Amino acid sequence: MTARDSAIPLAGGAAAARGLTLRGGVGLKPEHFREILETRPDIGFFEIHAENYMVAGGPFHEYLGRIRQCHALSIHGVGLSIGGESPLDLAHLDRLAHLLDRYQPESFSEHLAWASHGEAFLNDLLPLPYHAATLDRVCEHVDQVQNHLKRNLLLENPATYVEFADSSMTETAFITEIVQRSGCHLLLDVNNVHVSCINHHRDPHDYIRALPLEAVRQIHLAGFASDVDAAGDTLLIDSHGAPVAQAVWDLYAFTLDLLGPMPTLIERDNDIPAFPVLLAEAQRAERMMCAAGAAIPRDRVAA
């Protein structure tokens, strides 16, 4: 039995302990609420952004409560600012804990990034310098989150456009140290790997090989936009506003060859298409899982 096949010591109820099935999922969008309830699609799971549901009631909760009765759920945070210099926002953590208690998601993830400084929230996921001081701070924040939420965090690798000159570690070495010191798990965003490696002229295959792959519990796939920087080089933007590109599908196939089937989310946050379009991408991911690991038993989970 590999580390990936062993049980994760999660709190938060039976649903969280089971983990996500090894299937494809999509982000849950208000445009699709009614259609999902009417059609009950055969899909592995839905994912929401935590910050969209940090209120007591309203239509989002009404629909999510009904959809949650029929479908597995992952919750993805975008506002904890785990890499920030400031202390974590305890009120935000409390609201997050309440949300997780309310819906008992099969997984919770956040970004290796920072988005706030003091009382200013920058509405972006910004890169970190990779050195000992930042590592200590991030590990302290991850420990605080996991202790507060009483569950393992899935930490997502970032999409970056610039790097700090004073970094003394590679990004993959930095992530590996966080995993070893905090016991957190990884959300491997394959699109982010492609975007960052193209922007920084690195090999995305080498990046993925260098990660602590035994810690991966979920994969994200998304589309990107292409631009040109001031030097005339290609600059990829993690836009979540387009279908998954063929280069990302190819990198996903490479990743599955290393990992085997893994719960995989199709992210689309801009230019939202009709639900069947997203469902077709999730089904494509499942077909690729089958090719990488034979048939996917419906009761198998990423533990």
Side-chain angles (χ1 to χ4, degrees), residues 10-79 95-110 149 151-154 156 187 189 217-223 240-241 243-244 261-286 289 296-303:
L10 291 180
R18 287 198 302 269
L20 295 170
T21 56
L22 302 181
R23 297 195 61 191
V26 303
L28 181 62
K29 300 302 176 187
E31 294 91 333
H32 304 143
F33 283 163
R34 292 181 181 274
E35 182 176 356
I36 290 166
L37 287 173
E38 290 170 358
T39 63
R40 300 282 183 91
D42 180 18
I43 192 167
F45 63 102
F46 289 103
E47 183 165 283
I48 63 168
H49 286 172
E51 287 72 15
N52 290 334
Y53 292 82
M54 286 186 173
V55 292
F60 275 30
H61 281 294
E62 170 65 23
Y63 282 107
L64 178 58
R66 295 166 64 188
I67 291 169
R68 176 61 171 135
Q69 293 176 8
C70 306
H71 297 282
L73 179 69
S74 62
I75 293 183
H76 189 51
V78 297
R95 290 192 294 269
L96 183 57
H98 177 73
L99 181 67
L100 269 58
D101 287 343
R102 181 173 184 172
Y103 289 107
Q104 299 295 319
E106 278 75 10
S107 72
F108 169 71
S109 56
E110 248 287 358
L149 301 181
R151 64 164 63 217
N152 289 105
L153 165 72
L154 277 65
E156 179 181 347
L187 190 169
D189 191 313
R217 296 294 182 271
Q218 187 181 345
I219 289 174
H220 275 186
L221 302 174
H240 293 189
V244 178
M262 186 63 59
T264 299
L265 180 84
I266 304 299
E267 288 190 289
R268 189 70 174 263
D269 298 316
N270 298 294
D271 295 327
I272 307 296
F275 181 74
V277 175
L278 297 179
L279 180 60
E281 286 194 292
Q283 291 170 339
R284 179 176 180 178
E286 288 195 354
M289 290 185 220
I296 307 169
R298 287 294 181 255
D299 61 348
R300 188 181 170 198
V301 299

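Start at 1 with the first residue, then count along the sequence. On a predicted model such as this, the values are computed, not experimentally measured, just so you know.
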Minimum-distance pair of heavy atoms, taken over all atoms of [X] and [Y]:
{"X": "Glu35", "Y": "Pro276", "value": "OE2-CD, 3.7 Å"}
{"X": "Leu149", "Y": "Leu96", "value": "CD1-CD2, 4.0 Å"}
{"X": "Asn52", "Y": "Phe60", "value": "O-CD2, 3.7 Å"}
{"X": "Ala285", "Y": "Thr264", "value": "CB-CG2, 4.1 Å"}
{"X": "Glu156", "Y": "His76", "value": "OE1-CE1, 2.9 Å"}
{"X": "Leu154", "Y": "Arg217", "value": "CD2-CB, 3.8 Å"}

Show every salt bridge (charged side-chain N to carboxylate O under 4.0 Å, His left out) that has at least one partner inside residues 49-66, sequence neighbours left out.
none

Yes or no on side-chain contact (heavy atoms from CB on, under 4.5 Å) for Glu267 and Asp189, after CA distance, side-chain angles and deciding distance?
CA-CA 10 Å; Glu267 288 190 289; Asp189 191 313; 3.3 Å; yes

Can you tell me if [X] uses its side chain to pair, donor with acceptor, with the backbone of [Y] under 3.5 Å?
{"X": "Arg102", "Y": "Ala56", "value": "yes"}
{"X": "Glu110", "Y": "Val78", "value": "yes"}
{"X": "His32", "Y": "Pro273", "value": "yes"}
{"X": "Glu31", "Y": "Ile272", "value": "no"}
{"X": "Arg268", "Y": "Asn270", "value": "yes"}
{"X": "Glu286", "Y": "Gly24", "value": "yes"}

From [atom1] ([X]) to [atom2] ([Y]), nearest 0.5 Å:
{"X": "Leu99", "Y": "Ile75", "atom1": "CG", "atom2": "CD1", "result": "4.0 Å"}
{"X": "Arg40", "Y": "Ile67", "atom1": "CZ", "atom2": "CD1", "result": "10.0 Å"}
{"X": "Arg23", "Y": "Gln283", "atom1": "CZ", "atom2": "CD", "result": "8.5 Å"}

With heavy-atom distances below 4.5 Å as the criterion, would you say the side chains of [X] and [Y] are in contact?
{"X": "Val26", "Y": "Phe275", "value": "yes"}
{"X": "Pro105", "Y": "Phe45", "value": "no"}
{"X": "Glu106", "Y": "Leu73", "value": "yes"}
{"X": "Ile36", "Y": "Ile43", "value": "no"}

Could you tell me how the ring of Phe33 sits relative to the ring of Tyr63: parallel (under 30°), tilted (30 to 60°) or perpendicular (over 60°)?
parallel

Take His49 and Asp269 through the side-chain contact (heavy atoms from CB on, under 4.5 Å) test and state the conclusion after the steps.
CA-CA 10 Å; His49 286 172; Asp269 298 316; 3.7 Å; yes

Verify side-chain contact (heavy atoms from CB on, under 4.5 Å) between Arg151 and Phe108, making sure each step is shown before the conclusion.
CA-CA 8 Å; Arg151 64 164 63 217; Phe108 169 71; 4.0 Å; yes

I'd like to know whether Leu20 forms a side-chain contact (heavy atoms from CB on, under 4.5 Å) with Gln218, so could you lay out the CA-CA distance, the side-chain angles of the two residues, the decisive distance to 0.1 Å, and finally the verdict.
CA-CA 8 Å; Leu20 295 170; Gln218 187 181 345; 3.9 Å; yes

side-chain contact (heavy atoms from CB on, under 4.5 Å) involving Arg95 - partner list, sequence neighbours excluded
Met54, Ala91, His92

Among Ser109, Ser74, Ser107, side chain to side chain donor-acceptor pair (under 3.5 Å) partner for Glu47:
Ser74

Between His61 and Tyr103, does the ring centroid distance fall short of 6.0 Å?
yes

Residues two or more places apart in sequence or in another chain: which of them pass salt bridge (charged side-chain N to carboxylate O under 4.0 Å, His left out) with Asp271?
none

